[in-house]
There are 2 protein chains.
Amino acid sequence: MSHNRVDRRVQRTRQLLHNALLALIAEQGYETITVQNIIDRANVGRSTFYAHYQDKEDLLVSELDDLIYSLSWDVETLPVTDGEKESHRYTLSTLALFRHTQEHFSLYKAMVGGQGIDVVFKTTHTHFCRSIQAQIEQLVPDGGTPSVPPAIMAQYLAGALLTLLTWWLDNHMPYPPEQMDATFQALAMPGVWAVLGIQPDK
Amino acid sequence: MSHNRVDRRVQRTRQLLHNALLALIAEQGYETITVQNIIDRANVGRSTFYAHYQDKEDLLVSELDDLIYSLSWDVETLPVTDGEKESHRYTLSTLALFRHTQEHFSLYKAMVGGQGIDVVFKTTHTHFCRSIQAQIEQLVPDGGTPSVPPAIMAQYLAGALLTLLTWWLDNHMPYPPEQMDATFQALAMPGVWAVLGIQPDK
DNA sequence: ATGTTATCGAACACCATGTTCGATAACAGT
DNA sequence: ACTGTTATCGAACATGGTGTTCGATAACAT
C-alpha cells in the first residue's frame, strides 16, 4: 500500500559518499579526486554512485547545501557576548562567521584556500549576498534612498568578505577571529554608512 | 656559429594558438574547450602544440601574461581628464580599469563572467593586489602606522573590486564605467581613510 | 514469507590526454 | 643556390577517467 517506504540503505549510501568526499578533499584537494577514489573510500559500488549523483560535482553541490545550512545555524546561535552584540548595532554580524570558520579550519582551507573549488566560491558568495543584503536593508533610514542599490553593496561586501576569509585561511589564521572581524568592519562599514547617509557615533 | 637564430615559425605557431584560444573562449567558454578544438582552429599539429605548452591551461596562462600587460599599459595611458585626475588625489586609480573592461567586454565576460575561469581570477586578483598595495602605501601619512597592514587592505580591496567588475560584466554593464568607479570609490575609500587616519576634505 | 528495490561489480564503449616517430618542409647562414 | 638544422605535421599508440549496462545478490518493508 503505502509508497512512503524509505529504504534505510539510500540514506546510508549518501552519507558514506558525503563523508568520503569530505575526507578526500581535506587530504588531497578536490581537483585530483576521481570517482573511483570516492567509491573506494566509501565502499560503494560504481553503479550505485551514478544512481545517486550525475558526477562528482553533483555530489559536491549536494554536500554544499548541508554545509551552508550548518554554517547558517552556527552563525545564528554561536555564543556572542552581550557586549559584542551591543556594539554591533550598526554593523554586519560577521564575528560568528569568523569563529565558525576557525573551528572548521582544515576543511574550509581545502575548499576555498590554495587552489580552492570554483563552485564553492560561487555558492558561498551567493549565500553571503543574500544574508548581507537583508542586513543592509535594515540599516537604510526610513524614507531614505541610498545612492547605491543595496544589491550592489551586498555584492561588493560579500566579495570583500570572502576574499578576507580566503586570505585568512591561506595564511594559517595569523590573527584571532575577533581581530579579523574588527578589520573587516573597519574597512567595510565607513563606506556603507557614507552611502546610506547615517552617522553612528560610538 | 650564431645560435641566436629565431625561427619565424615558432612565433607564428604561438600566435595562431593564442588567437584560436581567445576565439574559442569567447564562443563556447573555457571548460568545454579541448586541445583538439584548439589545434583544429589554429591549423596546428597535435605534437606541435605539446612542444610549446604542457596543456591548455599552460597556454591560457601564457595568454594571461599578455592580457595583463596590455591592461596595465591601457590603465596607465587611457585618457583621463585633468578634472578626473585632480579629484582623485586621495583615491585609487580604477576609472581607467572600468573603461578598459568596457572596451573588451565580450572577451572579459567569457573569462570572469558566468562560470568564469579560476586561474584568471587568481592571477587578476594577484595583479590588482600589487597595484593597490603600492597606491595604499603612498597614502600612508609620514610617521603613521596604519592599524591594518597595507597588504591586508590590498587583499580586501582587490577582492571587492574584482567582485564588482564581475557583477558588472554578468549584468551586461547596466551602468557607465564612470558610475561604477564612483560606486567603488564611495564604498571603499571611507574605510581606507578611517584606517589610515586621514580626512580628505573635498 | 513475499514481493520489491537498492546495491554490487564486472564488463563495456567512449573520449580526451599526452607521447612517439618518421617524413616533410621551412628556416638561417654561407 | 646549396647545406645542415630545426620546426612542423599527423598518424598511431598507450593511458586513464567517464558514464552505462545488466544479471546476481542481499537488504528492505509489510
Side-chain angles (χ1 to χ4, degrees), chain A residues 1-64 66 110 115 117-119, chain B residues 1-64 66 110 115 117-119:
Chain A
M1 191 72 6
S2 66
H3 282 275
N4 298 1
R5 313 202 331 181
V6 182
D7 204 316
R8 298 192 303 237
R9 284 174 290 180
V10 328
Q11 306 180 32
R12 195 186 88 100
T13 299
R14 295 180 103 98
Q15 193 62 51
L16 287 174
L17 289 173
H18 276 219
N19 293 345
L21 180 63
L22 286 188
L24 287 170
I25 285 179
E27 280 178 22
Q28 62 180 80
Y30 177 72
E31 295 300 334
T32 66
I33 295 178
T34 169
V35 173
Q36 197 63 46
N37 292 339
I38 300 174
I39 63 180
D40 284 351
R41 172 70 64 107
N43 276 316
V44 161
R46 185 167 192 76
S47 56
T48 306
F49 176 92
Y50 285 105
H52 286 277
Y53 306 101
Q54 288 193 346
D55 45 40
K56 74 170 181 173
E57 180 162 325
D58 194 20
L59 172 60
L60 174 66
V61 169
S62 125
E63 184 83 59
L64 266 186
D66 291 1
Q115 276 310 313
I117 311 177
D118 209 43
V119 65
Chain B
M1 194 73 1
S2 66
H3 283 276
N4 298 0
R5 313 202 332 181
V6 182
D7 204 316
R8 297 191 304 239
R9 283 173 291 179
V10 329
Q11 306 180 33
R12 194 186 89 101
T13 299
R14 295 179 103 97
Q15 193 62 52
L16 288 174
L17 289 173
H18 275 219
N19 292 345
L21 180 63
L22 286 189
L24 286 169
I25 286 179
E27 280 178 22
Q28 62 179 80
Y30 177 71
E31 295 301 333
T32 66
I33 295 179
T34 170
V35 173
Q36 198 63 45
N37 292 339
I38 300 174
I39 62 180
D40 283 351
R41 172 71 64 107
N43 277 316
V44 162
R46 185 167 191 77
S47 57
T48 306
F49 176 92
Y50 285 105
H52 286 276
Y53 305 100
Q54 289 193 348
D55 46 39
K56 75 170 181 173
E57 179 163 323
D58 193 21
L59 172 61
L60 175 66
V61 169
S62 126
E63 185 83 59
L64 265 187
D66 291 1
Q115 273 311 311
I117 312 176
D118 210 41
V119 64

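Heavy-atom basis, side chains included; hydrogens, waters and symmetry copies ignored.
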**Student:** Between C/dC8 atom P and A/L16 atom CG, what is the distance in whole Å?
**Tutor:** 9 Å
**Student:** Starting at CG of B/D7, measure out to CZ of B/R9 and round the result to the nearest 0.5 Å.
**Tutor:**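 B/D7 atom CG to B/R9 atom CZ measures 4.0 Å (nearest 0.5 Å).
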**Student:** Mind checking what makes side-chain contact (heavy atoms from CB on, under 4.5 Å) contact with A/E57, not counting sequence neighbours?
**Tutor:**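 In terms of side-chain contact (heavy atoms from CB on, under 4.5 Å), with neighbours along the sequence ignored, A/E57 is linked to A/Y30, A/D55, A/V61, A/V119.
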**Student:** Under 3.5 Å between N/O atoms: give me all the protein pairs with nucleotides 19-23 of chain C, atom names plus distance.
**Tutor:**
none

**Student:** Please round to the nearest 0.5 Å and tell me the distance separating atom CG of A/L17 and atom CZ of A/R41.
**Tutor:**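 Reported to 0.5 Å precision, the distance equals 12.5 Å.
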**Student:** Can you tell me how far P of C/dT7 sits from OH of A/Y53, to the nearest Å?
**Tutor:**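 In whole Å, C/dT7 P lies 10 Å from A/Y53 OH.
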**Student:** For the CG atom of A/D118 and the CD1 atom of B/I117, what is their distance to the nearest 0.5 Å?
**Tutor:** 10.0 Å
**Student:** To the nearest angstrom, how far is A/R12 atom CZ from D/dC28 atom P?
**Tutor:** 8 Å
**Student:** Please determine whether a side-chain nitrogen or oxygen atom of A/T48 lies at a distance below 4.0 Å from atom OP1 or OP2 of C/dA6.
**Tutor:** no
**Student:** Does B/H52 place a side-chain N or O at less than 4.0 Å from the phosphate oxygens OP1/OP2 of D/dT8?
**Tutor:** yes
**Student:** Does B/R9 or B/D55 map to a spot on DNA chain C nearer the 5' end, using the closest nucleotide for each?
**Tutor:** B/D55
**Student:** Could you tell me the separation between the CZ atom of A/F49 and the C1' atom of D/dG19, rounded to a whole number of Å?
**Tutor:** 10 Å
**Student:** Rounded to whole angstrom units, what separation is found between the CG atom of A/L59 and the P atom of D/dG19?
**Tutor:** 12 Å
**Student:** Measure the distance from CD on A/Q11 to P on C/dA6 and round it to the nearest whole Å.
**Tutor:**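 Checked: the CD to P distance equals 13 Å.
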**Student:** What distance do A/H52 atom NE2 and A/L16 atom CG have between them, rounded to the nearest 0.5 Å?
**Tutor:**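 One finds 10.0 Å between NE2 of A/H52 and CG of A/L16.
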**Student:** Supply the atom-to-atom distance B/Y53 OH to B/L21 CG, rounded to the nearest 0.5 angstrom.
**Tutor:** 9.5 Å
**Student:** CD1 of A/I25 to CD of A/E31: how many Å apart, nearest 0.5 Å?
**Tutor:** 10.0 Å
**Student:** Between residues 17-44 of chain A and DNA chain D, which residues have a heavy-atom gap below 4.0 Å?
**Tutor:**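 Residues of residues 17-44 of chain A under 4.0 Å from DNA chain D: A/T34, A/V35.
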**Student:** Going by the side chain to side chain contact (heavy atoms under 4.5 Å, CB included) test, name the single residue among A/T13, A/I38, A/D66 that passes it with A/H18.
**Tutor:**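 Running side chain to side chain contact (heavy atoms under 4.5 Å, CB included) over A/T13, A/I38, A/D66 with A/H18 returns exactly one hit, A/D66.
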**Student:** So, the side chain of A/K56 versus the backbone of A/I33: is there a donor-acceptor pair under 3.5 Å, distance only?
**Tutor:** yes
**Student:** Specify the separation, in whole Å, of atom CZ of B/R8 and atom P of D/dT6.
**Tutor:**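 Roughly 17 Å, once rounded to whole Å.
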